[in-house]
Amino acid sequence: MNRQGKQGKCYMDHFNSIKTSFLQINDEFLSLFNTARSIPGISPFPFDQWEKTVHSIEEQINEDTLRIAVVGAIKSGKSTFINAFLGGDYLKRGAGIVTSIVTKIRKGPTLTASLFFKTWDEVNAEMKEAMILFPSFERHSDDHQFDIRRAEDRMELERALKSLSVEKRIPQGTLDANGVLLTSYLKGYERIREEISQDGEIQRFEGTDFSKHKNFVGDDSLAVYLKDLELQIPGVNNLDDNIEIADCQGSDSPNPLHLSMIQDYLMGTHLIIYLVSSRTGIRQADIKFLSIIKKMGLMENIYFVINCDLSEHDKLDDLKNLVNRTLEEVSVIKPGPQIFTFSTLFNLIRQFGENASHKNILRVEQWKDETELSTFSDNETERFLTLFGEKLTRDRFNLLLKNHLERFALMAAGLHDWIRINHNILIKDTEGAMEVLQEIKNVQAQLNQLKSLISNTIDAASRETKLDVWKTVDRFFDVRGGNLVKDIREHIRNYKVDYQTSEDDVDDLGFSATLHAIFQDFRHDIDLFMAEVINPQLIQFTHQEEIKVDTFLADIARAYDSRMGNALQKYEKALENMGISSRRHTFDEIYSIDLENLKKRIRCNVPKLVSALRYTAKVRTEAIMRLKYYDLVKFIKKVLKKDIQNEKAGEILALKDGVQRIKKETMRSIISSLNNYKENLKFLYLFRIIDEAPKILNGMLLDRFHVFTVDISATADSIGTEQSVKEDAINILELMDDSLKTLSSRILYLREDMESQ
């Protein structure tokens, strides 16, 4: 698979060529600025802001990242797909499902695995959360902060875990995720404690030690301590410096919090590759997850790969029947899906050549003999790589380079005008030069009025948009009348507990363990509801508000554009009066702002989604107190020789009281989390974009009319200087103009080249 599709490689090479051209143009602008700075007898270098822009463009081109997420159910072949794509066995295949790590892969100078560990505070907080209502662990409450570094705390937790019977560890037939989490932390503590710190440690495995990172990913007792994992792979043809590909946790992971982490990553991706195993086809878990992706508004850029197990299919017709069935099922959610079918394992093993194991060599030979199937897989691989390369490069032209090209053209036009004006002043006599200077002052006065008028227009639009956003966001998150909170409250209120079964559990497991089992089931249900229902609503709403902000950006751009038409005519008239023909900007809609590019430029990201909820141990304390109260009532009835209809009535009443307390605390926790999201969405995201946009437009205005916004008094003073100094300055300006003509032609050629793709 690493033998990249010919057309896909062509697109990738073409993009890299254009990126190189951009960086060369950047360097040429810097060279021109240095030349301008050295010219004798004219105003000091007036292009400091442009110089910063050029450095910023170079930084954005080199650092801007296109993210690709590889997702799908557990055992669908995600890691094998990425390994085949990269051309080596870099990722651990079949890793555990306890952790929620998203493994990120980038191209790098050396083979390096960077492991980012949780801090001690993060470890203890996660463990403490897992111990809420944990049976046989009565001592720890909000007044006693658990710390895994204390031997007595570890010993007490270990005793509590060992005291649980199989029934307690597997309530209602489901493995207790919190029990597994706590056991993993204890099991890995001695081996990992030197790697953890209060500030968060990073461990790197390089070169021949690279594969050691698999020991952490494949062992839950070590992986549980990891917060992030990043791999750098050198010499990969399919990876560009600005591409990040991520191996995401299985979409059908039993832990709903893993789904929330995947959702957070997906919100920042540009392309999703969804893996489906040919052994199973589309499953209910796939349909559910794809429905969530659709609700998130991310179905536009998704490719489906049916990972074909060549040993499972006797004939190509059987495989094609599966493909057609998958196409029909996926089309219900994503009309006209792009589906590719090939064997990721076949593609991977072949790249090992003679270094493959004997078993795998025999596998490859057997699959090659199945000519019809293997040829189909190869053709599909080629088709995928071709469209994949085309998709990435075309999207990147739009996302990364187009706005930079427009900025280049603006700077070139402004620099040309500056050169011609200074040249015109220097070649004139004193009277003619003074006329030019007076014309410049007149235009400067008009521009100042224009800037003030535009500023007032933008300020009014900004205030109006902010007020609209504020009202809409507050209404959406309103605790009393908002549908979001209403849906959550109804779900919690309608959650049912089978108290008849719980009565039997009290006999078998005890009160504390039964309350814990109820709590775990409830928490799992709520976490799943938040991930599957509420988070997609949050993402959908956020997209709607982004559209509102995008409309604001378009409106203020039009306000600029309507003013600029008249201003540009006056500007060109002023240049003509000075005997200068202006070099017109060659792009349409120069006063536009792309939301995605703006967000990247100001490093503004959507707030993290609502996921983990906080509970306290007071719930169990209050439940135990209630139980004691009901036991006392039962004892008094016995003393008074009154009939007791149900010996377990006290326990059931205490359980009901505990469940009600859990529900109330859950609702309080969710409202608090939603409130934080609401405030961050308004002030750190939407309002920040609204505030920064006018600054970008103002920069465009200054770019176009830069020559009339700088102080040219030094050039005016040079009118009476020695002729030799003036001649030197004139010669340099003329050389600059020649270089700028060549540079402008290259910018125009790049534009035409990009538009032809």
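Since we're looking at a predicted model, the values are computed, not measured.
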Open item on the list: Taking R106 first and then E230, would you say they form a salt bridge - that is, a charged N and a carboxylate O separated by under 4.0 Å?
Closed with: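 Salt bridge flag = no for E230 with R106.
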
TODO: Decide whether K19 and N242 meet the rule of one side-chain donor and one side-chain acceptor closer than 3.5 Å.
DONE: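 Side chains of K19 and N242: pair found under 3.5 Å.
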
Is it true that a side-chain atom of [X] and a backbone atom of [Y] form a donor plus acceptor pair closer than 3.5 Å?
X	Y	value
Q540	G297	no
N26	V54	yes
K599	Y685	no
S672	R668	no
T269	I272	no
D753	Y749	no
D247	I82	no
S56	K52	no
R688	I602	yes
K78	V70	no

Atom [atom1] in [X], atom [atom2] in [Y]: separation rounded to 0.5 Å?
X	Y	atom1	atom2	value
L275	C248	CG	SG	11.0 Å
L405	I18	CG	CD1	9.0 Å
T326	I339	OG1	CD1	6.0 Å

ring-ring contact (aromatic ring centres under 6.0 Å, His included) against [X], all qualifying residues, sequence neighbours excluded:
X	value
H543	none
F687	W470, F683
F476	F541
F552	none

TODO: Taking side chain to side chain contact (heavy atoms under 4.5 Å, CB included) as the test, write out the residues that go with S291, two or more places apart.
DONE: I287, I333

Ignoring hydrogens, what is the shortest heavy-atom contact between [X] and [Y]? Give both atom names and the distance.
X	Y	result
L266	M296	CB-CE, 4.1 Å
S331	G336	OG-N, 4.5 Å
S260	L609	O-CD1, 4.5 Å

side-chain hydrogen bond (donor to acceptor under 3.5 Å, both in side chains) involving [X] - partner list, sequence neighbours excluded:
X	result
N680	none
K548	T472, E545
D228	K104
T457	none

Task: Pairing residues for E329 by the salt bridge (Lys or Arg N to Asp or Glu O under 4.0 Å) criterion, not counting sequence neighbours - done: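 Not a single residue meets the salt bridge (Lys or Arg N to Asp or Glu O under 4.0 Å) criterion with E329.
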
Task: Ring centroid separation Y303 to F340 under 6.0 Å - done: yes

Just distance, no hydrogens or angles: give the donor-acceptor pairs under 3.5 Å from side chains in residues 458-466, sequence neighbours left out.
residue	atom	partner	partner atom	Å
T465	OG1	A461	O	2.8
K466	NZ	D691	OD1	2.7
K466	NZ	D691	OD2	3.2

Open item on the list: Applying side-chain hydrogen bond (donor to acceptor under 3.5 Å, both in side chains) as the test, list every pair that has at least one member in residues 484-493; sequence neighbours left out.
Closed with: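 Qualifying pairs, neighbours excluded: H491-D525.
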
Open item on the list: Does the plane of the ring in F29 sit parallel, tilted or perpendicular to the ring in F408? Use 30° and 60° as the thresholds.
Closed with: parallel

